[in-house]
Amino acid sequence: MSRSEQFLSDAIVDTMRTPLLILDSGLRVQRANKAFYRLFQERPRTTESRLIYELGDGHWNIPELRQLLEEILPQRTEFEDYAVTQTFPSIGPRTMLLNAREVAPAGPNQMPVIVLAIEDVTERRAAEATVQRYTKELERSNQALQDFAAIASHDLQEPLRKILMFGDRLRRSVQGGLEAKAEDSLARLLYSAQRMQTLINGLLEYARVTTRARPYEPVDLSAVADAVLSDLESALDRSGGAVTRDELPTVDADALQMRQLLQNLLGNALKFRREDVTPQIHIGQRSLENGAQVELTVCDNGIGIETQHAERIFSVFTRLHGRNEFEGSGIGLAICRRIVERHGGSIHAAPDPKGGSVFTVTLPTRQNEEMVQ
Ligand code: ADP
């Protein structure tokens with residue numbers, strides 16, 4: 001290698017941000033770069049010409065690593081991402097990933113050398129462990145919440161059924177024989193029990209988004225939308241409303257849940273209408289990320305939604321209107337969000353610029369192979 005070539009290669013090695021050691025065939029350090037000295041807080045005096053196993057307090061003197069390094073030149077091997085977790089004298093406990101390979105001689109009178117790259121992954125590993133811990137905790141608390149919702153709603157059903165049954169029996173046996181005030185109390189009691197039943201059923205349905213989840217399969221969203229619209233036909237006829245839609249794509253999904261999703265969104269678009277305004281609903285679609293995602297929109301010309309409430313309405317039991325205005329249990333959109341999130345998508349609401357509301361759902365077109373039937 002000429003002097004200028006040597007100079008160039010030294011400059012390159014020094015600019016590398018990864019700590020590097022150049023070892024000769026006897027595994028002695030020919031040179032180390034600046035990043036190495038910075039990381040290990042060492043000096044050339046205590047590094048160059050030393051055997052790699054003697055560096056520091058001998059922290060590289062690991063039999064397995066020794067064997068790997070010794071094989072590189074005679075057997076033309078290399079290794080990647082060999083992890084070493086050690087307490088280093090100057091920098092404490094660290095995890096390093098080691099990569100080593102032969103570099104062919106640059107000239108006829110030169111020997112091949114080994115380049116050993118040392119990457120400090122301590123922080124990355126710690127961050128990964130933290131993310132993993134949080135994910136586990138989140139999964140645990142989700143599971144606990146889910147078990148609670150499923151068990152509570154299931155177990156509450158039975159006593160409630162009894163309240164309704166005996167209440168109804170009582171009403172029939174005293175028919176006409178009660179004072180107006182007592183009659184009113186009984187009617188209210190039965191109404192409240194019925195309402196509670198609706199809420200509990202809603203909770204159960206919410207829990208079932210994951211407990212009764214079915215595998216993904218290719219689902220034609222146009223067909224799903226048409227099926228939902230035919231279910232809503234009588235409500236549509238009564239309101240005189242009209243629904244238009246784009247040609248919708250086929251996506252990998254749980255077919256029943258897609259139906260539940262569109263049923264809730266279209267049902268709401270029809271329900272939250274303005275008095276004296278004929279409902280006009282449009283289901284739009286747009287392909288995103290070169291077809292990897294699809295964006296569906298359900299736009300209506302109803303009462304609209306204020307931006308400040310647009311996130312809140314996806315929580316369980318959140319309603320913006322009294323029951324005298326609009327019937328409902330406040331669970332529909334929470335179910336929608338859970339369905340969409342289970343599919344790896346997102347859902348948001350916003351006021352439509354032309355009045356009314358727009359609900360935007362983004363879904364991946366394809367799901368993980370092994371999960372698709
Ligand atoms: P529910 O329809 O049973 O009230 P949802 O969870 O479906 O429950 O909706 C929650 C709330 O979000 C509704 O009570 C309503 O205030 C609001 N909302 C939902 N859809 C619309 C819509 N298309 N236009 C205006 N407000 C809506």
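Note: hydrogens, waters and symmetry copies are ignored here, and every other heavy atom, side chains too, is used. Order of listing sets the numbers, starting from 1, for every ligand and every atom in it.
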key: H343 to Q367 - nearest heavy-atom pair and separation   = O-NE2, 2.9 Å
query = Which residue holds the protein heavy atom closest to atom 7 (O) of ligand 1, what is that atom called, and what is the gap in Å?
reply = N268 ND2, 2.8 Å
query = Looking at atom 10 (C) of ligand 1, what's its closest protein heavy atom, distance included?
reply = T318 O, 3.3 Å
ask   = Which atoms of ligand 1 sit under 4.0 Å from any heavy atom of G328?
value = 3 (O)
key: N201-Q157 side chain donor-acceptor pair, cut-off 3.5 Å   = yes
message = If I apply the N/O under 3.5 Å rule, does L320 come out as touching ligand 1?
response = yes
query = Side chain, backbone, both or neither: which part of N264 comes within less than 4.0 Å of ligand 1 when only heavy atoms are counted?
reply = neither
task = With D120 as reference, evaluate R38, R94, R17 under the salt bridge (charged side-chain N to carboxylate O under 4.0 Å, His left out) test and give the passing residue.
result = R94
request  = Please say whether the positively charged group of R66, taken as NZ for Lys or CZ for Arg, lies over the ring of Y53, i.e. under 6.0 angstrom from the six-membered ring centre and within 45 degrees of the axis.
outcome  = yes
message = Heavy-atom pairs closer than 4.0 Å: do any link ligand 1 to the side chain of D300, the backbone, both, or neither?
response = side chain
Backbone of F359 reached by a side-chain donor or acceptor of T297 within 3.5 Å = no
message = Give me the nearest non-hydrogen protein atom to atom 12 (O) of ligand 1 as residue plus atom name, then the distance to 0.1 Å.
response = I313 CG2, 3.3 Å
inquiry  = Tell me whether the rings of F40 and F36 are parallel (<30°), tilted (30 to 60°) or perpendicular (>60°).
reply    = tilted
key: Close-contact set for ligand 1 against I331 heavy atoms, below 4.0 Å   = 6 (O), 8 (O)
inquiry  = We want to know whether T85 and T95 form a side-chain donor-acceptor pair, criterion being a heavy-atom distance below 3.5 angstrom.
reply    = yes
ask   = Looking only at protein heavy atoms, which one is nearest to atom 24 (N) of ligand 1, and how far off is it?
value = S357 OG, 3.0 Å
task = Looking only at protein heavy atoms, identify the closest one to atom 27 (C) of ligand 1 and say how far it is in Å.
result = F272 CD1, 3.7 Å
query = Is D254 reaching over with its side chain to a backbone N or O of P215, donor-acceptor style, under 3.5 angstrom?
reply = no
query = Can a non-hydrogen atom of G267 be found less than 4.0 Å from any atom of ligand 1?
reply = no
remark   = min-distance protein heavy atom vs atom 4 (O) of ligand 1 -> R319 NE, 2.6 Å
remark   = The answer for which part of F314 has a heavy atom under 4.0 Å from ligand 1 is neither
request  = Report, in ascending order of atom number, the atoms of ligand 1 lying under 4.0 Å from any heavy atom of I303.
outcome  = 25 (C)
task = Specify whether F272 and H321 have parallel, tilted or perpendicular ring planes, treating 30° as the upper limit for parallel and 60° as the lower limit for perpendicular.
result = tilted
request  = Check whether any heavy atom of F326 sits under 4.0 Å from an atom of ligand 1.
outcome  = no
ask   = What protein heavy atom is closest to atom 16 (O) of ligand 1, reported as residue, atom name and distance in Å?
value = H321 CD2, 3.1 Å
task = Could you list the atoms of ligand 1 found under 4.0 angstrom from a heavy atom of G330?
result = 1 (P), 3 (O), 4 (O), 6 (O), 8 (O)
R338 and T210: side chain donor to acceptor below 3.5 Å = yes
message = Heavy atoms only, cut-off 4.0 Å: how does K271 contact ligand 1, side chain, backbone, both, or neither?
response = side chain
S329 neighbourhood, listing ligand 1 atoms whose heavy-atom distance to it stays under 4.0 Å = 3 (O)
ask   = Among all protein non-hydrogen atoms, which one is nearest to atom 5 (P) of ligand 1, and what is the separation to 0.1 Å?
value = L333 N, 3.6 Å
key: Polar atom proximity, G332 to ligand 1 (N or O, under 3.5 Å)   = yes
inquiry  = So which atom in L248 and which in S222 form the shortest heavy-atom distance, rounded to 0.1 Å?
reply    = N-OG, 2.8 Å
query = Does some side-chain heavy atom of R273 sit less than 4.5 Å from a side-chain heavy atom of D300?
reply = no
